[in-house]
Visitor: 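Got a structure here, written out as structure tokens. Questions coming.
Excluded from the calculations below are hydrogen atoms, water molecules and symmetry mates; all remaining heavy atoms, backbone and side chain alike, are included. Within every chain, numbering begins at 1; the chains are lettered A, B, ... in the order of the sequence lines, protein sequences first and strands thereafter.
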There are 2 protein chains.
Amino acid sequence: MTRTTPKIQPYSQECSDCPIRHRAVCARCEGEELDALEQIKYYRSFEAGQTVVWAGDKMDFVASVVTGIATLSQTMEDGRRQMVGLLLPSDFAGRPGRETSAYDVTAATDLVMCCFRKKPFEDIMLRTPHIGQRLLEMTLDELDAAREWMLLLGRKTAREKIASLICIIARRDASLQLNAADGALRFDLPLTREAMSEYLGLTLETVSRQMSALRKEGLIMTEGKRQIVIPDFDLLLEETGDDSDGGFLV
Amino acid sequence: MTRTTPKIQPYSQECSDCPIRHRAVCARCEGEELDALEQIKYYRSFEAGQTVVWAGDKMDFVASVVTGIATLSQTMEDGRRQMVGLLLPSDFAGRPGRETSAYDVTAATDLVMCCFRKKPFEDIMLRTPHIGQRLLEMTLDELDAAREWMLLLGRKTAREKIASLICIIARRDASLQLNAADGALRFDLPLTREAMSEYLGLTLETVSRQMSALRKEGLIMTEGKRQIVIPDFDLLLEETGDDSDGGFLV
DNA sequence: CATGTCGTTTGATCTGCATCAAGGCGCGAG
DNA sequence: CTCGCGCCTTGATGCAGATCAAACGACATG
């Protein structure tokens, strides 16, 4: 199956056989239901840095990330910002039953979203209980991720935060990507130092310093702009402060 | 309607007319559905400090807080702890479809929970879509609260954190409680300094110092053990760093 | 009444990260 | 080629909150 840059193609053609679809809100939809979703969906593309919606603005759709990365952030009056959500392909954005967005939604990289008009989506949800069930599952997963994130923000050191972030992205991303032969893990971390600092509750200088430290110690290597290589994943894991086993859900 | 200490009484008798019921997972249940829930429910009481379940332990029920306060916490190997959930009356605990608890669940005060055996609860959920819908709503609310909490953990100063916590409890709690004539807000903050520090990602010494500071400045007053009086709520709100309007959901 | 325990307060000192500041590197445009 | 811009790195310094330490008040127990 050849993949083309998504424009206005059926969701099913786009993702039906790929891992993304199996994690998305429509994971268990088939036949008629999928057709109904087709009717109300449309794609939107954004360039890295563009804002999808501002906190407080009207948001008349819900959406699912097809390619790229989106972030949810909150801003305080004086400009302090905290990222509160990181959406990778298959992740869901928007809240049924709410008019406006509670967060700034921003494209961290070039981004394609598959949007569903909200009102009809809600109607389909009511008719099709398993969409609601799937959404509940996804929301519970997100809540677990948020709680893991709270531990990171409240109790981890800068070094542990950086190591954790790299591991989190590696786990989510690398599963869809290539896995080098020598056991090293190669993937790209498509976040600026500033985005990382907003994720971690640090300043960008601290992020830069800690990245340099991990690099000097050989725990990570960087190639070119944002390619990261982890020679030994378990070694990096030990720097996260997490339990060696279990740990992250999602 | 006289209230008695809950022992083994029907959920409906216990809460049908009180604000708790209207926020709980069974908010929209009636007749048969409520009867079905009656069949599978039982109360459990805990003393302040007791553990309801440990992270990783089997948890074969879901539950809703009737009276008292429960907390969800995560612990790192070296003992650092972060609270990730604070459950007040009507709040829901437990995840359908998961065998074990992901968090330590602890009684912060004397606590009564209304438990539903998990398997039958899941069955009822499948038969009764609006329970799932209600649970989705509640989970989305919790996710919003978690994200507000992340902003607090990542970006607020110790002083702002304390002020925020007091306002959060006051809003949730005071709505069920008395409201003094002179515009002052009186309620009890039934958390130890240690519990507060676990909530806020601080040490208990810092919590104590900041509480003293707010007291000296007259922003709060304390009466006896844990009674708190807020002479001017708006004044305290300004110390939270939040937008003056909107702000907390839930 | 002395003794112990638990939660809390307060003081003295230390330190990890923020803040302020200056360059460096890659890249596209003129 | 040079200039400017976006992003990143590194250095010097300061401070908020952690850590270590002591003692207090309330309350229970022998």
Visitor: Verify the contact: side-chain N or O of B:S212 to OP1 or OP2 of C:dT10, cut-off strictly under 4.0 Å; return yes or no.
Guide: yes
Visitor: Report the C-alpha distance between A:C167 and A:L237 in whole Å, list the side-chain angles of each, state the deciding distance to 0.1 Å, and finish with yes or no for side-chain contact (heavy atoms from CB on, under 4.5 Å).
Guide: CA-CA 7 Å; A:C167 288; A:L237 250 189; 4.1 Å; yes
Visitor: Just N and O in the side chain of B:T206: are any of them under 4.0 Å from OP1 or OP2 of D:dA18?
Guide: yes
Visitor: For A:Q210 and C:dT15, what is the distance between atoms CD and C1' respectively, to the nearest whole Å?
Guide: 14 Å
Visitor: Does A:R80 come within less than 4.0 Å of A:E198, counting only side-chain N to carboxylate O?
Guide: no
Visitor: B:Y42 vs B:F61 aromatic rings, parallel, tilted or perpendicular, using cut-offs 30° and 60°?
Guide: perpendicular
Visitor: Ring centres of A:Y199 and A:W149 under 6.0 Å apart?
Guide: yes
Visitor: Can you measure B:K156 atom NZ to D:dA16 atom P for me and round it to whole angstrom units?
Guide: 18 Å
Visitor: Report the distance from atom CD of A:E47 to atom P of D:dG6, rounded to the nearest whole Å.
Guide: 15 Å
Visitor: Toward the 5' end of DNA chain C, which comes first, B:K216 or A:R159, by nearest nucleotide?
Guide: B:K216
Visitor: So what does A:L204 touch, heavy atoms closer than 4.0 Å: a base, only the sugar-phosphate, or nothing?
Guide: base
Visitor: Can you tell me how far P of D:dA18 sits from CD of B:Q82, to the nearest Å?
Guide: 12 Å
Visitor: Give one of base, sugar-phosphate or nothing for B:S208, where a contact means two heavy atoms less than 4.0 Å apart.
Guide: base
Visitor: Select one nucleotide: of D:dG17, C:dT8, D:dT10, the one nearest the side-chain heavy atoms of A:R209.
Guide: D:dT10
Visitor: So does A:R215 get a side-chain nitrogen or oxygen closer than 4.0 Å to the phosphate oxygens (OP1/OP2) of D:dT9?
Guide: yes
Visitor: Using a cut-off of 4.0 Å on non-hydrogen atoms, how would the nucleic acid contact of B:G49 be classed: base, sugar-phosphate, or nothing?
Guide: nothing
Visitor: Indicate, with a heavy-atom threshold strictly under 4.0 Å, whether B:T203 touches base, sugar-phosphate, or nothing.
Guide: base
Visitor: Take atom CE of B:M211 and atom C1' of C:dT10, then tell me their distance rounded to the nearest Å.
Guide: 15 Å
Visitor: Check the distance between D:dT19's P and B:D78's CG and give it to me in whole angstrom.
Guide: 10 Å
Visitor: Tell me the interatomic distance from B:E205, atom CD, to D:dC24, atom P, rounded to whole angstroms.
Guide: 18 Å
Visitor: According to a strict under-4.0 Å criterion, is B:R193 in side-chain N/O contact with OP1 or OP2 of C:dT9?
Guide: yes
Visitor: Which whole-number value in Å describes the distance from B:R80 CZ to C:dG16 C1'?
Guide: 13 Å
Visitor: Around atom CD of A:E217, are there more than 12 heavy atoms from other residues, nucleotides or ligands closer than 6.0 Å?
Guide: yes
